[in-house]
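To keep things clear, I will list the structure first and then write my remarks on it.
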Amino acid sequence: MSDTRAVVLVEGASDKSAVEALAERRGRNLAPEGISIVAMGGARSIGTYLGRFGPSGRNLRLAGLCDAGEEGDIRRGLERAGLGSDLTRGDLEALGFFVCVADLEDELIRALGTAAVERVIDAEGELGSFRTLQRQPAWREGTTHDQLRRFMGAGSGRKIRYSALLVAALDLDRVPRPLDLLLAHLSGVADRHSGTGRT
């Protein structure tokens, strides 16, 4: 990461995969732009990463993506790192940190619609497995949306794989707001990088 000028802190590998997939679809290659995406392994680890990359560490430009349930951890971490106080959702966005309504899978399923997500699952040869989940007593009465979220979270590596596949299936004018704003924010980072050289 010696050439890194900005770090995007995300909760897990599935979020990293989605950001990379969207960047690729929009013709971006983040690494040469000096942007690294770091999966923290959970929002509660943000203090460690802010210490490493933030004002008291390498003092890199920061951005991030989190689930609504972890917004408090992100806010407190940023405040402890000296990046503001009593931060609102708007303040987080100004700092480059964007919050998903529930989580990224929820955002992607809503953006695509459940029928389109089922087509993606079918193309992966897993529609039968999804139908089995739908018949389980615990999920039989749930909405298709909630069943899909559960399906994505069950099974080794499935969440990571499907995050990129769902981004690949998106109409680019229907990208979920947090992902869209994050990539736009990173465009500003890249522009400053190309315009000012190494800092």
Side-chain angles (χ1 to χ4, degrees), residues 8-31 35-46 63-71 73-74 89 93 97-187:
V8 182
L9 300 174
V10 298
E11 292 187 51
S14 62
D15 305 299
K16 182 176 188 288
S17 178
V19 174
E20 290 171 340
L22 181 59
E24 183 178 347
R25 286 204 62 196
R26 288 189 165 162
R28 303 276 301 279
N29 190 346
L30 298 180
I35 299 168
S36 293
I37 305 172
V38 175
M40 298 184 291
R44 292 186 179 181
S45 300
I46 191 168
L65 190 71
C66 72
D67 301 344
E70 279 69 49
E71 182 178 357
D73 291 322
I74 300 300
R89 176 76 64 87
E93 293 189 352
F97 286 78
F98 303 96
V99 181
C100 297
V101 169
D103 55 29
L104 188 54
E105 288 69 36
D106 170 71
E107 294 273 6
L108 290 169
I109 292 166
R110 282 190 290 109
L112 277 166
T114 57
V117 176
E118 287 193 18
R119 287 194 291 272
V120 172
I121 292 171
D122 191 19
E124 290 296 296
E126 291 196 295
L127 192 58
S129 296
F130 176 59
R131 296 292 184 234
T132 298
L133 180 144
Q134 288 182 301
R135 290 191 294 269
Q136 291 175 1
W139 293 100
R140 193 178 299 150
E141 303 302 320
T143 66
T144 304
H145 179 101
D146 289 341
Q147 292 166 345
L148 286 165
R149 281 184 68 200
R150 171 59 181 165
F151 181 76
M152 299 295 172
S156 177
R158 185 179 281 160
K159 199 171 184 181
I160 299 168
R161 182 162 50 92
Y162 275 103
S163 64
L165 290 169
L166 296 184
V167 169
L170 275 174
D171 185 330
L172 285 179
D173 65 5
R174 292 185 58 82
V175 174
R177 181 179 183 274
L179 266 181
D180 201 34
L181 290 178
L182 176 62
L183 210 65
H185 179 80
L186 297 179
S187 293

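Only a predicted model underlies this, so the values are computations on that prediction, with no experimental measurement involved. Scope of the values below: all heavy atoms of this structure, side chains included, with no hydrogens, waters or symmetry mates.
- Interatomic distance, CG of D15 versus SG of C66, reported as 9.5 Å (0.5 Å rounding).
- Counting only distance, with no hydrogens or angles, the side chain of E11 and the backbone of D67 share a donor-acceptor pair below 3.5 Å.
- When all heavy atoms of L108 and P176 are compared, the pair lying nearest together is CD2-CG, 3.9 Å.
- The distance from the CD atom of E141 to the CD atom of Q147 is 9.5 Å, given to the nearest 0.5 Å.
- Looking only at side-chain heavy atoms (C-beta outward), L65 and L9 stay at 4.5 Å or farther from each other.
- Looking at Q134 and R131, their side chains do bring a donor and an acceptor atom within 3.5 Å of each other.
- Residues A63 and L186 share a closest heavy-atom pair of CB-CD2, 4.2 Å.
- Atoms CD1 and CD1, from I46 and I74 in turn, are 3.5 Å apart once rounded to the nearest 0.5 Å.
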>> Please determine whether side-chain contact (heavy atoms from CB on, under 4.5 Å) holds for the pair E71 and R89, giving the CA-CA distance in whole Å, both sets of side-chain angles, and the decisive distance to 0.1 Å.
In response: CA-CA 9 Å; E71 182 178 357; R89 176 76 64 87; 2.8 Å; yes
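- Counting heavy atoms from C-beta on, the side chains of Y162 and E126 come closer than 4.5 Å.
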>> Assess the residue pair L112 and D171 against the criterion (side-chain contact (heavy atoms from CB on, under 4.5 Å)); give the C-alpha distance rounded to whole Å, side-chain angles, the decisive distance to 0.1 Å, and a yes or no.
In response: CA-CA 8 Å; L112 277 166; D171 185 330; over 6 Å; no
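- The minimum heavy-atom distance between E105 and S14, with the atom names listed, is OE2-OG, 3.6 Å.
- With rounding to the nearest 0.5 angstrom, the CD atom of E20 is 10.0 Å from the CG atom of N29.
- R28 places a side-chain heavy atom less than 4.5 Å from the side chain of S187.
- For the pair E70 and D73, the minimum side-chain heavy-atom distance is below 4.5 Å.
- In this structure, V19 and L179 have side chains that are in contact, with non-hydrogen atoms separated by less than 4.5 Å.
- Side chains of R161 and L165 form a contact here, defined as non-hydrogen atoms less than 4.5 Å apart.
- Within a 6.0 Å radius of CZ in R26, more than 12 heavy atoms belonging to other residues, nucleotides or ligands are found.
- Inter-residue side-chain proximity for L148 and F130 is flagged as met; some heavy-atom pair is nearer than 4.5 Å.
- Between R110 and D106 a salt bridge is recorded (basic side-chain N to carboxylate O distance below 4.0 Å).
- In this structure, the side chains of L170 and R25 come closer than 4.5 Å at one or more pairs of heavy atoms.
- Annotation for I109 and H145: closest pair CG2-ND1, 3.4 Å, computed over non-hydrogen atoms.
- Counting all heavy atoms, side chain and backbone alike, A164 lies closest to S17 at CB-OG, 3.3 Å.
- Figure legend: cation-pi geometry between R158 and F151, with NZ or CZ positioned under 6.0 Å from the six-membered ring centre and within 45° of its axis.
- In this structure, E24 places its CD atom where only 12 or fewer heavy-atom neighbours from other residues, nucleotides or ligands lie under 6.0 Å away.
- Not a single donor-acceptor pair under 3.5 Å links the side chain of R149 to the backbone N or O of D103.
- Nearest heavy atom pair, residue W139 against residue L133, reads CB-O, 3.6 Å.
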>> Pair V8, K16 - check side-chain contact (heavy atoms from CB on, under 4.5 Å), show working.
In response: CA-CA 9 Å; V8 182; K16 182 176 188 288; over 6 Å; no
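- In the displayed structure, R174 atom CZ is contacted under 6.0 Å by at most 12 heavy atoms of other residues, nucleotides or ligands.
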